[in-house]
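One structure is given here, and the rest of the page talks about it.
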Amino acid sequence: MAASSPHLSQLVNPLVSVDQLASSGSQLDGVPSDLESSCIYAGAQLMQIAGILLRLPQDIIAQAIVIFSRFWIGSDGGSLREFGVKDVSLASIYLMVKLSAYPKAPRSVINVFGYLDSFHSTLGDLKGHVDTNNPESYYVSEGTYVAQRAQLTKMETIILKVLGFQTHVALPYNICINYLQALDVFVDHETASHLAKRAFAHLNSALLSPQLLYLTHQPPALATAAIYLSAKETGVKLPDAEWWEVFDTDREELGFLVVAMISMEDFVKEENVKWENRKAPSTLIEMENELERKATANGHH
Amino acid sequence: MASTPAATPAATPKTAIKPLDRTFHGSTSIGSYELEQKVGEGTFGEVYRAKSRKDGEVYALKRILMHNEKDGFPITALREIKLLKMLSHVNIIRLEEMAVEREKGTRKKATLYMVTPYMDHDLSGLLDNRDVHLQVPHVKSYMLQLLRGLKYLHNSHILHRDMKAANLLIDNKGILKIADFGLARHYDEDVPKPGQGGGEAKRDYTTLVVTRWYRPPELLLQLRRYTTAIDMWGAGCVFGEMFKKKPILTGKSDLNQAEIIFELVGSPNDNNMPGWHTLPGCDGVRAWDPQPGNLDKVFGQYGDDTVSLMRQLLKLDWRKRINAIDALKHPYFTNHPLPSRPEDIPWFASSHELDRRNGRDGRGPGQAPPPAPAGGTVGGGPNAEGWAGKGPPNGSSWEGNGRNSRQPPGSSHPPNRAYESRIPNEIRLPNETRVPKAGPDGRGAPPPPPRRQPWQTDAPPVRSASHLPPAPPEGSRHPLPPRPDPFIPRDPHSRDSSHAPRESSHPPRDTRPPRDRDPHRKPANLDSYVPSYSTGGRRDDRRDDRRDDCRSAEREDRYRPSSRDGRRGSRDEGRRRLNYDDVDNPRSRDDRSDTGGRDRPRDERPRDRDHRRSRTRSPARERTREREREKEHRDNRDVYRR
């Protein structure tokens, strides 16, 4: 893509191929696809929370989540039986933070993940955990830190290699605003800002989509779909013409993305039910235990 | 969901794809390359020439040094890779892929290489080569290509921040590529618009960038909100360098750099550099002796249009300094003689090597040697920095040679480079030692200051400062400047006279010892000048270092003399230049003839040597040189070093 449109290269993402979507390292290693989706979703959500605790801007967090998602894709991608979700999410954040204008020390990142690790559930209600604040439960000793930092740097290199050292991630947030301006939505600021907020919310949710929308669609399509959907929700009237065509998105793609974004709500509800009182496996050991548990359960059937 | 459908199919692929055979696009195993030889060595790593087993093409592999494992993968390399992956332009080095080397059985970390096309020269080395006689059409062609590359970069919101001849790679087809993005960063401001210079920046950037000799006045005066105009200044320096065959502004310290800049283009005032007095200043120095500038004198011989473009590029006012878009439209490129097509530029490689070996450099005959084959040849990858110095095999020898040769022969400019090229060898040592890649000069400075804080604690600054007084990276090569004097038949009169007065006027200068202008002057002085760069450390580090340098204005003063000399030398050289322009060796051209040069056997031999020598990262070289110098001239050194 870079060659064909050099000047746009910063706005374009490398997308997954059909082959890469057809299988993944995890599936090849025997991880059921639903469990895989749960793990990746949990990891992405963990990163979102960690990013907030690290006081990172959302675009850095989003880039890290995209990198994290790319890591698991395709038969060449990382396998959940080879790499723990927590390690990969931690290294993904660290890697993207390193490239950003908001550097964080490895210690900060490890501390945050140590804190989040003390929660009994990544997906459930976090409030209870926060209320029972027990520093001892998340204190990262020097020894642990050194070990984790070693693991972090190792994981970082592995991620880079799996990604072919492609760390560029284009995001739809900026162009989403541009598109809204182009659509003259901001004439009425109150509704427009409401609309923009909804659109951003959809873009943020889409980051966690099990359909890996950020890996399958370019930022303009994502932005267009988010605008379309939030305009429907907020009752803002957009041009009658097929305006999305202007933003390089055809009707079919728009429809797919809108449905996918709408489906996020149900997906999250299901996940929350599924993992209400426990954590999706975030380490190799937890993964093995989970697989064993599943096997046993299936055996009973 | 992608994954869902995959579930079933997964079984199928399972048989077809063995997980262990996973391959990663964009990264490959080192096994797919046949390493030929080390071409260079620099702060950021070593550079090897290698042949691909896939396509048989020759590539440059730059090894990424893991200096600070605490922070994991080096941020500079990461940034460089990211930028290079986004860029696609004929005049920008292309990152082919990453090669991974793993030692079997060990748990050791893998070694990583950046793979780029192998380029036969860097411009600095090329200019060093006495056998190379660039003609005006060639200079115009290189300039055009450089400006096109810069236009593309700037339009892509990228600041290169280490523009210099050593970072401009040239292949045997006459194509120039901008390399070494180790200091580059995303530019947050509006891109340059026609007729509007570099525009204005709204945010602060680190001033610890750009190799000193190519550092623009606003950076020397500590402007933090700089723009794409900083790269244009570097382009102007390179432009002049192509005529003079050596860097045109070779300050021995930041302060001295500012002084010689003002000497050339005039001292800052409210007209030519609005707002200059509000800048922090260089090393605390904020007042400058009024000077009219002598650009006309120095470059007048090359024609009015040359001077005109030069003046536009070397404008003190960064807001008005011409941008790449406008520079490309400058009449210089449409006046006769017209720029030659890249493919019409002679192939120089062979000549380089031979020349050097033969001592064509003029300095000692045999000495020139080891060095860089083609002066410029380095396979450099994109990152000049990284690779920069590679020592040629002769390295050790060459050092000695280099120096000797430099000074004695009075080799004017050319020698300088030659030396530089040699430097690589020397460099090796230094590099290794210095490990901390502290980029002495500019290269180092990382963008956002904040970053470093966190990790960079490790910062090597200290050492850098201590060890080396790394001169600007390139400097290493060019350390010669001083020598030129001897060499140069310079016309002492004009320059001397000019200098003399100034000196008197400038308080600081007085301090310095006698100028080196004399052909006889000792090399020692020369060496000494390098020092200021001691900053060496990484970018961050550098800051401190630099400051230190600045602080030591005194030393600078001392040096100045030499610097001036260097300059003169250059001027003198200029005259000579004329000659070469006209002259040209037919022979070089012939060689280059189509197939010519490269294929020839002789080329090959020389190359090896040459390659090694390849371009060094300037910092590295500088350091090495500095060290050498130091050894030789400890006295001077101490002085200037703080």
Side-chain angles (χ1 to χ4, degrees), chain A residues 2-7 9-10 16 19-25 27-29 32-34 36-37 40 73-77 79 82 91 94-95 98-108 149-150 152-157 160-168 209-212 215-216 260, chain B residues 1-14 16-19 21-28 66 69-73 75 77-79 81-83 85-89 95 97-98 100 109-110 112 114 152 155-158 185-186 188 447-448 450-457:
Chain A
S4 59
S5 56
H7 292 289
S9 62
Q10 298 190 42
V16 292
D19 283 348
Q20 285 173 317
L21 283 177
S23 101
S24 70
Q27 289 169 22
L28 291 176
D29 285 350
S33 72
D34 63 327
E36 181 187 27
S37 291
I40 295 178
I73 289 308
S75 56
D76 295 340
S79 162
E82 207 174 341
Y94 180 67
L95 184 59
K98 184 190 275 189
L99 277 167
S100 77
Y102 309 88
K104 302 290 175 193
R107 180 86 209 195
S108 303
R149 193 185 64 195
L152 166 60
T153 52
K154 184 178 158 202
M155 199 63 234
E156 181 187 33
T157 317
L160 283 170
K161 188 180 170 195
V162 170
L163 298 179
F165 293 85
Q166 176 56 274
T167 53
H168 173 69
S209 164
Q211 289 170 289
L212 308 171
L215 274 52
T216 56
Chain B
M1 229 4 62
S3 53
T4 322
T8 23
T12 334
K14 212 171 196 171
I17 307 173
K18 295 181 193 169
D21 284 347
R22 289 168 190 166
T23 57
F24 308 115
H25 188 70
S27 44
T28 184
M66 304 289 269
E69 308 213 344
K70 264 184 164 181
D71 294 337
F73 199 86
I75 177 67
L78 210 50
R79 208 180 281 145
I81 294 167
K82 185 179 177 186
L83 285 177
K85 275 181 175 279
M86 281 196 292
L87 300 174
S88 172
H89 190 274
L95 177 64
E97 63 181 355
M98 299 294 296
V100 182
K109 279 186 188 170
L112 299 169
M114 293 174 64
Y152 171 81
N155 195 48
S156 304
H157 287 274
I158 290 174
R185 66 154 289 147
H186 182 256
D188 293 339
R451 292 185 172 179
R452 293 277 155 158
Q453 307 170 348
W455 11 31
Q456 303 232 356
T457 340

Can you tell me how far apart CG (B:Leu78) and OG1 (A:Thr167) are? Round to the nearest 0.5 Å.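 So the CG of B:Leu78 and the OG1 of A:Thr167 are separated by 5.0 Å.
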
Whether the side chain of B:Ser156 engages the backbone of B:Ile158 through a donor-acceptor N/O pair (distance < 3.5 Å, no angle test) should be reported. no

So do B:Leu87 and B:Tyr152 actually touch side chain to side chain, heavy atoms under 4.5 Å? yes

A:Glu156 vs A:Tyr94 side-chain heavy atoms within contact, under 4.5 Å: yes

Give the member of A:Leu160, A:Ile73, A:Leu95 that has the highest number of heavy-atom pairs under 4.5 Å with chain B.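 Between A:Leu160, A:Ile73, A:Leu95, the count favours A:Leu160.
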
Can you tell which part of B:Ile81 gets under 4.5 Å to a heavy atom of chain A, answering side chain, backbone, both or neither? side chain

Which atoms of A:Leu215 are under 4.5 Å from chain B, going by heavy atoms: the side chain, the backbone, both sets, or neither? neither

